[in-house]
Amino acid sequence: MRAHRRSYDLEALEEQIEALLDASERGAAVIVEGPRDRDALRRIGVPGPILMSSQRSCLELAEETARSYSEIVLMTDWDARGEEIAHKMEEYLRPTGVRVDVEIRKRLKLLVRKEIKDVESLWIFLERARESQGL
């Protein structure tokens with residue numbers, strides 16, 4: 001029974017990674033906290049723009065992002081700081097008419113929260129999950 005649950009979790013995890021890749025391929029910018037998060041998403045295969053919230057205030061980043069992109073995926077960490085950044089970014093971006101995707105982050109958080117707490121660990125977690133399934 002346990003192996004089946006892991007298989008299901010990996011399938012759900014892969015679905016969310018695919019949704020993230022699809023959004024990026026459509027031109028959505030992905031917002032992360034820092035360079036290790038960006039690097040992890042690159043290793044997973046995210047091809048499009050990845051912007052870091054650590055380089056400027058949330059308000060400045062939201063204004064700049066809203067001028068340049070019509071779709072944003074928020075991929076901040078699952079800790080208190082990441083939650084705060086995601087909330088602020090969503091609050092600042094919603095009135096601009098930019099499509100803000102918070103669902104991928106929420107679903108990933110639910111799938112991995114007992115195992116990892118941040119985006120930078122996602123790559124390693126995904127690789128280990130694939131290896132455990134013989135992929």
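- The CD atom of Glu127 lies 10.5 Å from the CG atom of Leu122; values are rounded to the nearest 0.5 Å.
- Proximity of Glu63 to Arg67: side-chain heavy atoms (C-beta onward) are separated by under 4.5 Å at one or more points.
- The nearest pair of heavy atoms linking Ala86 to Leu74 is O-CD1, 3.5 Å.
- Going from atom CD1 of Ile44 over to atom CG of Asp39 covers 11.5 Å, rounded to the nearest 0.5 Å.
- Here the closest heavy-atom approach between residue Pro35 and residue Ser54 is recorded as CD-OG, 4.4 Å.
- Leu13 and Leu41 fall within the same hydrophobic cluster, defined by Ile, Leu, Val, Met, Phe, Trp and Tyr side-chain heavy atoms under 4.5 Å apart, directly or through other members.
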Exercise. Under the side chain to side chain contact (heavy atoms under 4.5 Å, CB included) criterion, do Ile124 and Ile116 qualify, and how do the steps go?
Worked result: CA-CA 10 Å; Ile124 293 168; Ile116 62 172; over 6 Å; no

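- Counting heavy atoms from C-beta on, the side chains of Ile104 and Met75 come closer than 4.5 Å.
- Note on Arg105 versus Glu90: no salt bridge recorded, every NZ/NE/NH1/NH2 to OD/OE distance being 4.0 Å or above.
- Here the closest non-hydrogen pair linking Val98 and Ala66 is CG2-CA, 3.7 Å.
- The pair Glu91-Lys88 does not meet the salt-bridge criterion, since no charged nitrogen lies less than 4.0 angstrom from a carboxylate oxygen.
- Val102 and Leu61 fall within a single hydrophobic cluster, where Ile, Leu, Val, Met, Phe, Trp and Tyr are joined by side-chain heavy atoms under 4.5 Å apart, directly or via other members.
- Side chains of Val100 and Met89 form no contact here, defined as non-hydrogen atoms less than 4.5 Å apart.
- Taking a cutoff of 4.0 Å between a charged side-chain nitrogen and a carboxylate oxygen, Arg43 and Glu120 do not qualify as a salt bridge.
- To the nearest 0.5 Å, atom CZ of residue Arg113 and atom CH2 of residue Trp78 are 12.0 Å apart.
- When the shell of 6.0 Å around CZ of Arg94 is examined, it contains more than 12 heavy atoms from other residues, nucleotides or ligands.
- From Leu108, atom CG reaches atom CD1 of Ile17 across 5.0 Å, with rounding to the nearest 0.5 Å.
- A continuous path of hydrophobic side-chain contacts links Val73 to Val119 [ILVMFWY only; heavy atoms under 4.5 Å].
- Distance check: Ile85 CD1 to Glu33 CD gives 4.0 Å after rounding to the nearest 0.5 Å.
- Remark: the backbone N or O of Glu64 is paired with a side-chain donor or acceptor of Ser68 at under 3.5 angstrom.
- A chain of hydrophobic side-chain contacts below 4.5 Å, direct or via other Ile, Leu, Val, Met, Phe, Trp or Tyr residues, connects Trp123 to Ile50.
- Annotation for Arg128: atom CZ does not count as buried by contact number, only 12 or fewer foreign heavy atoms lying within 6.0 Å.
- Checking side-chain atoms of Arg42 against main-chain N and O of Val46 turns up a donor-acceptor pair under 3.5 Å.
- Between Ser24 and Pro47, the shortest heavy-atom contact is OG-CD, 3.3 Å.
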For this session: Take Asp77 and Lys117, measure what side chain to side chain contact (heavy atoms under 4.5 Å, CB included) needs, and give me the verdict at the end.
Result: CA-CA 6 Å; Asp77 294 344; Lys117 303 279 189 235; over 6 Å; no

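- Listed here is the closest heavy atom pair of Tyr69 and Gly27: CD2-O, 3.8 Å.
- Going from atom OH of Tyr92 over to atom CD1 of Ile72 covers 15.5 Å, rounded to the nearest 0.5 Å.
- Ion pairing between Glu15 and Arg107 fails under the 4.0 Å rule for side-chain N and carboxylate O.
- The minimum heavy-atom distance linking Ala129 with Ser132 is given by the pair O-OG, 2.8 Å.
- When hydrophobic clusters are built by joining Ile, Leu, Val, Met, Phe, Trp and Tyr residues whose side-chain heavy atoms come closer than 4.5 Å, directly or via intermediates, Leu20 is grouped together with Leu126.
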